[in-house]
> 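Below: one structure in structure tokens.
Proteins come first, then strands; the chains are lettered A, B, ... in the order of their sequence lines, and each starts at number 1.
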Amino acid sequence: MAKRYWLMKCEPAAYTIDDLERDGETSWEGVRNYQARNFMRDDMQVGDEVLFYASNADPSGVTGLARISRAGYPDQFSWKKGHKYFDPASSKEKPLWFMVDIAFEKNFHGTIPLETLKSTKGLEQMKVIQKGSRLSVQPVTKAEYDIVVKLASKIPRP
DNA sequence: GCCAACGTTGGC
DNA sequence: GCCAACGTTGGC
């Protein structure tokens, strides 16, 4: 299957691209949205490219790149009683939720703000710029991905 | 911190 | 199966 492209959101309070750079790789558990789960369970493949998006940030926007390093597998936190991601509807035998692993690829050392994404030609269809879009895992096209990577080169070096 | 938009739940 | 109530997301 051809390589796919994704955008994954995370609040800086929970995890940042700096954390991923330090860790090298991380698991992406805790997604509790069916649409997002389906993408992780059914469509994400090792090697797919990821735009790392910081939500609820100042400013919110894309802060780096990652790559899928493990395709969808059951979110074991969903059946750990007492865990914040516990869901009684999920079990080892019948997992309800899924997760993937992602590997660090690039730290922009800056942010491509949402506002820039909104005003950039070719990105008009991106879900993340639609008002009220809450999907935390969403597909992007190769063209969109390439445009965002190009925008990253314009972020001034720290 | 506010609040609009969204997804989910549950009563009927 | 509808829809009001609720909890959450996320921009500002």
Side-chain angles (χ1 to χ4, degrees), chain A residues 4-23 26-44 48-66 68 72-102 104-141 144-145 147-152 154-156 158:
Chain A
R4 298 191 196 224
Y5 300 83
W6 306 95
L7 179 144
M8 295 172 86
K9 291 183 194 171
C10 190
E11 301 199 10
Y15 204 77
T16 67
I17 192 70
D18 294 333
D19 294 330
L20 183 58
E21 181 169 23
R22 182 198 61 218
D23 296 342
T26 192
S27 55
W28 206 260
E29 67 273 10
V31 172
R32 295 293 178 266
N33 169 282
Y34 288 106
Q35 231 184 318
R37 178 205 65 180
N38 293 347
F39 287 134
M40 295 202 297
R41 186 190 59 187
D42 304 333
D43 298 324
M44 282 188 169
D48 285 2
E49 306 285 350
V50 175
L51 299 172
F52 192 102
Y53 182 92
S55 59
N56 252 319
D58 188 23
S60 295
V62 181
T63 57
L65 305 177
I68 303 297
Y73 62 104
D75 184 340
Q76 68 260 24
F77 299 100
S78 67
W79 58 73
K80 288 215 169 90
K81 229 175 192 150
H83 196 276
K84 67 170 169 169
Y85 293 137
F86 174 70
D87 182 345
S90 184
S91 69
K92 210 168 190 171
E93 295 70 33
K94 265 189 120 182
L96 182 60
W97 301 112
F98 285 74
M99 59 201 276
V100 297
D101 291 352
I102 65 172
F104 174 76
E105 203 153 89
K106 187 163 189 183
N107 187 339
F108 292 165
H109 296 292
T111 303
I112 304 171
L114 179 60
E115 198 188 339
T116 302
L117 299 178
K118 282 180 178 168
S119 61
T120 300
K121 208 162 170 262
L123 301 183
E124 296 86 354
Q125 303 299 318
M126 281 186 88
K127 290 191 181 53
V128 73
I129 71 169
Q130 314 301 328
K131 188 181 174 180
S133 165
R134 290 169 41 176
L135 193 56
S136 65
V137 174
Q138 49 182 264
V140 301
T141 66
E144 289 163 348
Y145 178 89
I147 290 170
V148 173
V149 169
K150 198 171 279 180
L151 286 173
K154 292 178 187 159
I155 295 176

> Of A:Trp79, A:Tyr34, A:Phe77, A:Trp28, which meets ring pair (Phe, Tyr, Trp, His ring centres under 6.0 Å) against A:Trp97?
A:Tyr34
> Do other residues, nucleotides or ligands put more than 12 heavy atoms under 6.0 Å from A:Lys150 NZ?
no
> A:Leu117 CG to C:dG11 P: how many Å, rounded?
11 Å
> Figure out the CG/P separation between A:Leu114 and C:dT9, and round it to whole Å.
18 Å
> Just how far, in rounded Å, is P of C:dG11 from CD of A:Glu11?
9 Å
> When the nearest nucleotide of DNA chain B is assigned to A:Gln35 and to A:Asn56 on a heavy-atom basis, which residue is associated with the more 5' position?
A:Asn56
> Tell me the interatomic distance from A:Lys84, atom NZ, to C:dT8, atom P, rounded to whole angstroms.
13 Å
> What is the distance, rounded to the nearest whole Å, between atom CG of A:Asp58 and atom P of C:dG10?
16 Å
> Are OP1 or OP2 of C:dC12 and a side-chain N or O of A:Lys118 less than 4.0 angstrom apart?
yes
> Counting distance only, does the side-chain N/O of A:Gln130 pair as donor-acceptor with the main-chain N or O of A:Glu124 below 3.5 Å?
yes
> Report yes if at least one side-chain N or O of A:Ser60 is closer than 4.0 Å to OP1 or OP2 of C:dG10; otherwise report no.
no
> Given C:dG10, B:dT8, C:dG11, which nucleotide is nearest the side-chain atoms of A:Ser136?
C:dG10
> For the pair made of CG in A:Leu96 and P in B:dT8, what is the distance, rounded to whole Å?
11 Å
> Counting C-beta onward and ignoring hydrogens, is there a side-chain heavy-atom pair between A:Phe108 and A:Ile17 closer than 4.5 Å?
no
> If I take atom CZ in residue A:Arg32 and atom P in nucleotide C:dG7, what distance separates them, rounded to the nearest angstrom?
19 Å
> In whole angstrom, what separates A:Leu135's CG from C:dT9's C1'?
12 Å
> Taking only side-chain nitrogens and oxygens of A:Lys9, does any of them come within less than 4.0 Å of OP1 or OP2 of C:dT9?
no
> Measuring from atom CE of A:Met8 to atom CZ of A:Phe52, what distance do you get when rounded to the nearest 0.5 angstrom?
9.0 Å
> In terms of side-chain heavy atoms of A:Lys131, which of C:dG11, B:dA5, B:dG7 is nearest?
B:dA5
> So, does A:Tyr53 get its side chain near the phosphate of C:dG11, meaning an N or O under 4.0 Å from OP1 or OP2?
yes
